[in-house]
Amino acid sequence: MIRRCRRRARPALRRDRTTTGRSRRRATPARAGPRADSWGPQEPSAHSIGKRKRRPIAGGTIGRGSRSPTGRSHGNTAIRSPPAALPFVCILRPRRRALEAIKQEIARALATLLNLRYGAAPDRIAVEYPPQPGMGDLASPVAFEMARRLKRAPRQIARELADSFPPLPGLVRVDVGGAGYLNFDLDRGAAARALAREIASPPPAAEERGKIIVEHTNINPNKAAHIGHLRNAVLGDTLSRCLRFFGHAVEVQNYIDDTGVQVADIVIGFREILKQGLAEAQAVAGKFDSFCWDLYARVTEMYEARPETRDRRASVLKHLEEREGADSGLAAYVARRIVNCHLDTMARIGVHYDLLPWESDILACRFWDTAFELLKKRRAIERVASGEREGCWVMALEGPRFADLKEGEKIIVRSNGTVTYVGKDIAYQLWKFGLLDADFRYEPFRAGPGSRQTWSSTKGPGVTPHPPFGGAARVYNVIDVRQAYLQAIVVEGLKALGHADQAARSTHFAYEMVALTPASAERLGVALSGEDRGRAYIEMSGRRGLGVKADDLLDALEKQARAEVRTRNPDLAPEEGDALARAISVGALRYLMVKFTRNKVLAFDFDEALSFEGETGPYLQYAVVRAGGIFEKMAKAGGPDVKIAAEWALEAAFDLPPGEAAEEHWALLTQIARVRETVAQAVETLELSQIAKYAFNLAQRFNSFYHKYPVMQEQDPRWKQARVVLTHLFLGQMRHAFQLMGIPEPAMM
RNA sequence: GCGCCUGUAGCUCAGGGGACAGAGCAACGGCCUUCUAAGCCGUGGGUCAGGGGUUCGAAUCCCUUCAGGCGCGCCA
């Protein structure tokens, strides 16, 4: 069984990518390694919170308009389930911040005014941030909407609204701009101090809510992880961190398909190609996942050259499922050792898992048998009495989404009595929601990054007590978009069993695959046809051994980073340089993996990936390191240190400078203030790239700001104070963003 | 065939009813005795795939055409 990993090597067309060049020199005095305190989520682990009684989270379609976050159509959900967009949005909404509060008050005042004056008001009154300075601090296009209803000129309506707008605290002026915008000017000094206080205050305490399970990574344990798996893991890990940021209890699961064909293929490779068994496998030195990567490609070649060898699969698979014989022992060894390799790889980039559910344990714990009984009892599946599919158990599926299904039904149990992939996944999904009358036994597997424990299901007696696993109120499955169809069937299965609520709270977090640019493929030694060379990307293929291994990419990034560090700090101790290089390479990799919208194929280009300039992780790290450097330098000079800056921010002890500078100070501050808002929106739409874009834009604005307005050198204590506060707030919010994206903060660069 | 996704600057991508369409890279020109040049500032570069429509207003919504990708199995 191939679980969640697709095979096939069909090249696909896309546009070219350009290459990038570089050069740099420069040396600075040596300092320390990366800071340890800025790494990983500080929020409580799922285990400490997960015990609480389950409370349903209202759910439903989230995302923009009618588009579901999975990108799949819900042709008939509008009829079957209530349009429950609001509740989930509400649980994520951050507590009102100062600017948000003012926006709300303006909207409320507008609604009252409109009703009073015109006897009507739109349901939702937009109050937004104007795109340019000189258009007010806040703006509303409500007059345009009213123009339609009243059949009058928008500018005229805006004028009337502006003239009769009631006084509000913090608001100093209302005016008309453009073709009919209402522009609001705030008392910036007051608003800035309120904002600063809020940003500097500790985040609101986590509210008690149901547990959320995030399933991601799910790499078949028969080869090394490649860059496609990195995209999955980084997205899944970032999502988990964001959910924790809002106080949710999150349980991360990494499903291990240890009984599938892919593992069987490696067993056959050992037997048929290497003529080896368990003892020799155990004796393989070095990176076992990399060893199997090559072996897997050889097995594929063997199947092509000697098709009869493929026949061994059936018997090996049978042995794996029954856990009998030498093949089974070899497979178990292979899978476990490779899973450890995968965890090593993911630990490098700070990805942690709470639980590894093994498919063999799902079989051993009879999850499917239990689910099968449920499905039969609820008549969610029916046995086919005659015809081509006689003896199969099928699930009826309707709607345009399933229009192409043969007979309008999906086979869940084959005529030979074995269960399909979808069937097993329905059982697994039921378990995640606590709807299955079955459970695993558990044991500790190993410690993850930050010494957090990773647990595993087990065939042994298990260990008690163990953290409570499963029983979630909401589930996200991070699986690439090519499995959207199957994920939709799993959700239909929940509905068919009468679990409409859980179906609405099952989210397929779909994202596009990672492919190679033709240039990258050729760099890996792949011979391309002229046609292939014209394509924008070449799909990777684990079976053919075509792809960039995750560890290889990380190694290349580290090497590159080490070289950059060395040219800048020739006197740095090697181990310190290595630590910096690691932090920088992880930052580069993780930023690269979240910066793109999830529904775009990521065409991997070596030069682009290895670039540390422009919109990259190191750019963000550099901005943060330099901001931190300002405080280090000020502390040494006896100037205000971090502690004093924090006090100033909290006590709102600063003023904005006058004139043109005010605009830039204000713009930076309001942008700093939008972390929570941005993250909330990113989670609602599952568009995590928004966080990356936000952090990049903020870093850009800060870089530009402190270049123009030096902090230390400022002579006027009032303006210096404002800059110190802004720098402090910038650092604090960027560190939040780093933590969410898993980007480490190097001690120096 | 049916379903889903994509098409925006030379390249890679943001923006998904609202003010003159943005960024990075690439190109060109400036800035290192002044908090780190992995940086900053500036210049050039666009028929938002084409065509209809809705709207005070469309890159954005609807229809349609074109181009490309993915999916549709008693595989996983």
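In what follows, chains are A, B, ... by sequence order, proteins preceding strands, each numbered from 1. What you see below is based on every heavy atom in this structure, not just the backbone, and it leaves out hydrogens, waters and symmetry mates.
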Give the rounded distance in Å between these two atoms: [atom1] of [X] and [atom2] of [N].
X: A:His707; N: B:G30; atom1: NE2; atom2: P; answer: 16 Å
X: A:Gln483; N: B:C72; atom1: CD; atom2: P; answer: 9 Å
X: A:Phe144; N: B:U54; atom1: CZ; atom2: P; answer: 21 Å
X: A:Phe596; N: B:G15; atom1: CZ; atom2: P; answer: 13 Å
X: A:Phe402; N: B:G71; atom1: CZ; atom2: C1'; answer: 13 Å
X: A:Arg310; N: B:C75; atom1: CZ; atom2: P; answer: 15 Å
X: A:Trp393; N: B:G73; atom1: CH2; atom2: P; answer: 22 Å
X: A:Arg701; N: B:G39; atom1: CZ; atom2: C1'; answer: 17 Å

_Quick check on B:C75: is either OP1 or OP2 less than 4.0 Å from any side-chain nitrogen or oxygen of A:Thr420?_
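Indeed not, no polar side-chain atom of A:Thr420 lies that close.
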*Is a donor-acceptor contact shorter than 3.5 angstrom present between the side chain of A:Ser704 and the base of B:C40?*
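No such pair is found, so the answer is no.
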*asked:* Given the structure, check if the side chain of A:Arg148 and the base of B:G57 hold any donor-acceptor pair shorter than 3.5 Å.
replied: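 Between B:G57 and A:Arg148, which were checked side chain against base, a qualifying N/O pair under 3.5 Å is present.
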_Set of side chain to side chain donor-acceptor pair (under 3.5 Å) partners for A:Lys693, sequence neighbours left out_ =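 Counting only residues at least two positions away or on another chain, A:Lys693 forms a side chain to side chain donor-acceptor pair (under 3.5 Å) with A:Glu615.
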*NA contact type, A:Gln700, heavy-atom cut-off 4.0 Å: base, sugar-phosphate, or nothing?*
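The answer is sugar-phosphate, as A:Gln700 gets under 4.0 Å only of primed atoms, P, OP1 or OP2.
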